[in-house]
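Everything below concerns the one structure shown next.
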Amino acid sequence: MINENKKIELAQWLLDPDGQKALPKNLSLLEHRLKEEGLFEIYQDIELPLAPILDEMREIGVKVDLGYLEKLGKELGKELDGLVKEIYKLAGGEFNINSPKQLSGVLFAKLEIGSEGILKRKTGAFATDVETLTVLKDRHPIIKPILSYREIFKVKSTYVDPLRELADKNGRVHTTYVQTGTATGRLSSRDPNLQNIPIVGELGKKIRRAFAAGKGYSLAAFDYSQIELRVLATVSNDPTMIQAFKDDLDIHKLTASKVYNAPLEKVTSEMRSAAKTLNFGVSYGMGPQAFAKTSGLNVADAKKFIDEYYSDFAAVKKWQQDTIAAARKNGHVANLNGRKRWLPNINWPGRRYAAEAERAAINMPIQGLAADIIKIAMIRVAATLKKKKWSGEEARMLLTIHDELIFEIKDDILKEATPLIRSEMENAYKLAVPLRVDSAVGDNWAVI
DNA sequence: CGCATACGCGCC
DNA sequence: AAACGGCGCGTTTGCG
C-alpha cells in the first residue's frame, strides 16, 4: 500500500520541507527525529493515510471530452492564425510573437511606441507582460491583437493540447498529486497540473466545460468558504473576526465597513472589493505598494487603509508580530498542528531576504493549517465512502484544489452522498469558528 | 542535443 | 529593481 521509500520521503519532507538539510536515509532514525520535532502525529495521522488516497485518485483520473477539445483546439488555432496575420501586418513584417525579446524590439524599437515609464527586465528588454501591454493599448493598434493572441495561445498550448495528449484511451486524465513538493504543506499537481485550470472569463468556461462526468454520473464540487481567513481568525484569536464568522457575516463587507468607517448598509461594491483585497493580502504580509497596485488607490491612501485594518483587527497585527519574533528566535515557524517550516533568512542582516522570510513566516501557519484541514477532510471522506461501499464505483474523489474537493458521483446516490461529504469536510477540524462548505453539482466543471 | 534560465501566466 | 504567500508549465534563449 505504501512502501518504505515513500515513508522515508514523507518523513524527510516533514523534517525539512524546503530541502535544506542533510537527513538520515534510515526510516527508524527519521521517525525518531519526527518525534523529537513534534512532527510524528501529522506523519502518522495525516501524510501516511493520505498517500494511498492520492494514488487512487491518480488511478481513477478525470474524464475529459476529447471530441470537444479537438473542436476547441481547431477553433482556437484558426483564431490564432487570424491574429498572427493581423499582427505581422501591423508590425510590417514577421517575428516570433512568443519571444518577449523580439516582441519588445518590435514594439519599442521598430514601431517606436513610447517607452517612458515602462519597466526593463534583467535582460535589458522592456517588459511585455499583460500589465505593461494594457497601459499601451491606446498607443498603437497592434497591442490589442497581441493581448488576444497571448490569451488564446496560453490556453491552447498549456491546456487544450496537453489535455488531449495526456488523456488515456478512455478519455481520462491522471494527474499526479505531489505530497512532498511544497514548503507549506500544500499538495501540488503535475502532468497535468489540474490545480491551475482556467476559471475566469469565456475562455475559462470553455476549458472547464471539457471536464465532464461519465454517463450516469454528475460532478460535485465542495469548497471551503474562506478557510484561510477562518484559520487566521483562529490563530490570531481576533475577537472581531471570530464574532463575524460566528454570526456568518459577509466578512469582506464587514471589513469595508470597519476600514471606511461606514455603516454596513453604506458599503458599496467598490468598497467591498477593496476590503476583499485587503483581507486577502493581509495573510500574505502585503505592503502599501502592493495594495495600491491591486486596489487602484495611491500609495498614501493604501497605507492609511492598511493601518486602519490593523487597528480594527489589532489581534491580527499582534499575532503577525509575535509570529515573526518567534521565527527570529527559533529559526522556524509552525502551524497549530506542529507542521514546521525553517526560515534560514529570517535573521538576514539586510531587509532584502529578511522581509521575504517574514512574509513567509506569517503566511505558512495559515496556508499550512488550511492544507492540513483539507487533507484530514479527504481522509475522512475516503473512509466514509469506503464504509458506504461507494469507493471506486458509486462515488469517486477526483480532484483536490487547495480549498476544494471535486467528486464524480452516480446520480442515484447523489442526494445521499452530498450531505455526507459536506459534513465530513465541515467537521474535519475544530477551529474557533465554524468551517463552512459550499457545494454545487453539474454535468461538467463549467457549471459547478 | 539536452539543460538551465528568463519571461510570462494559469490557479488557490 | 522590487515591493504579496504557495505552486507547475509553455516557449525562448544561451550555454556546454
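All chains are named by letter (A, B, ...) in the order of the sequence lines, taking the proteins before the strands, and each is independently numbered beginning at 1. Hydrogens, waters and symmetry mates play no part in the numbers below; they use all other heavy atoms, side chains included. All figures in this text were calculated on a predicted structure; none of them were measured in a lab.
As a whole-Å value, the separation of A:Leu119 CG from B:dC7 C1' is 13 Å.
C:dA3 and B:dC11 have their C1' atoms separated by 23 Å, given to the nearest Å. Using P as the reference atom, B:dC1 and C:dC9 are 24 Å apart when rounded to the nearest Å.
Closest to the side chain of A:Met286, from the set C:dC7, C:dG5, C:dC4, is C:dC4. Set against C:dC7, C:dG5, B:dG8, the side chain of A:Pro100 has B:dG8 as its closest nucleotide. Checking C:dT12, C:dG6, B:dC11 against every side-chain atom of A:Arg186, the shortest atom distance belongs to C:dG6. When distances run from any side-chain atom of A:Arg190 to the nucleotides C:dC9, B:dC12, C:dG6, the shortest one goes to C:dC9. Ranking C:dG6, C:dT12, B:dG8 by closeness to the A:Ala127 side chain, first place goes to B:dG8.
Where A:Asn196 and A:Lys120 each meet DNA chain C at their nearest nucleotide, the meeting point lying more 5' is that of A:Lys120.
A donor-acceptor distance shorter than 3.5 angstrom exists from the side chain of A:Asn298 to the backbone of A:Asp301, with no hydrogens or angles considered.
Using a 4.0 Å heavy-atom distance criterion, A:Ile199 is classed as a sugar-phosphate-only contact. Using a 4.0 Å heavy-atom criterion, one finds that A:Arg341 contacts the sugar-phosphate atoms exclusively.
Using a cut-off of 4.0 Å between Lys/Arg side-chain N and Asp/Glu carboxylate O, A:Arg172 and A:Glu408 are scored as salt-bridged. In this structure, A:Asp307 pairs ionically with A:Lys303, as a charged nitrogen and a carboxylate oxygen lie closer than 4.0 Å. Salt bridge absent: A:Lys206 and A:Glu202 never bring a charged side-chain N and a carboxylate O closer than 4.0 Å. A salt bridge does not link A:Lys144 to A:Glu86: none of the charged side-chain nitrogens sits closer than 4.0 Å to a carboxylate oxygen. Using a 4.0 Å cut-off between a side-chain N of Lys or Arg and a carboxylate O of Asp or Glu, A:Arg351 and A:Glu358 qualify as a salt bridge.
For A:Ser283, no side-chain nitrogen or oxygen approaches OP1 or OP2 of C:dG5 to under 4.0 Å. OP1 or OP2 of C:dG5 has at least one side-chain nitrogen or oxygen of A:Arg359 nearer than 4.0 Å. Using a 4.0 Å cut-off, no side-chain N or O of A:Thr184 falls inside it from OP1 or OP2 of C:dC7. Side-chain nitrogen and oxygen atoms of A:Ser189 include none within less than 4.0 Å of the OP1 or OP2 phosphate oxygen of C:dG8. A:Gln102 has no side-chain polar atom (N or O) that falls below the 4.0 Å cut-off from OP1 or OP2 of C:dT11.
Note on residues 183-193 of chain A: pairs passing salt bridge (Lys or Arg N to Asp or Glu O under 4.0 Å), not counting sequence neighbours, are A:Arg186-A:Glu228. A salt bridge (Lys or Arg N to Asp or Glu O under 4.0 Å) check over residues 7-23 of chain A, counting only residues at least two apart or in different chains, returns the pairs A:Asp18-A:Arg341. Sorted by first and then second residue, the salt bridge (Lys or Arg N to Asp or Glu O under 4.0 Å) pairs with a member in residues 109-125 of chain A read A:Arg121-A:Asp129; sequence neighbours excluded. Residue pairs that meet the ring-ring contact (aromatic ring centres under 6.0 Å, His included) test with at least one member in residues 171-197 of chain A, sequence neighbours left out, do not exist here. Sequence neighbours left out, not one pair with a member in residues 48-73 of chain A passes ring-ring contact (aromatic ring centres under 6.0 Å, His included).
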Does A:Thr294 form a side-chain hydrogen bond (donor to acceptor under 3.5 Å, both in side chains) with A:Thr277? I'd like the steps, not just the answer.
CA-CA 7 Å; A:Thr294 42; A:Thr277 306; 5.3 Å; no
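Under the ring-ring contact (aromatic ring centres under 6.0 Å, His included) criterion, A:Phe291 pairs with no residue at all, not counting sequence neighbours.
Remark: the A:Asn193 side chain and the C:dG8 base include no donor-acceptor N/O pair separated by less than 3.5 Å.
Relative orientation of the A:Phe313 and A:Tyr309 rings is tilted, given thresholds of 30° and 60° on the angle between their planes.
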Please list, pair by pair, any protein nitrogen or oxygen found under 3.5 Å from a nitrogen or oxygen in nucleotides 4-6 of chain B.
none

Identify each atom pair where a protein N or O and an N or O of nucleotides 1-3 of chain B are less than 3.5 Å apart, giving names and distance.
none

Between the protein and nucleotides 14-16 of chain C, list every N/O to N/O distance that falls short of 3.5 Å.
from	atom 1	to	atom 2	distance (Å)
C:dG14	OP1	A:Lys101	NZ	3.0

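Contacts between residues 296-333 of chain A and DNA chain B, defined by a heavy-atom separation under 4.0 Å, are absent. The stretch residues 138-164 of chain A touches DNA chain B through A:Arg150, A:Lys154, A:Tyr159, each having a heavy atom under 4.0 angstrom from the strand.
Stems are defined here as 3 or more consecutive Watson-Crick or G-U wobble pairs with pairing distances under 3.5 Å; those involving DNA chain C are B:1-4 with C:13-16, B:6-12 with C:5-11.
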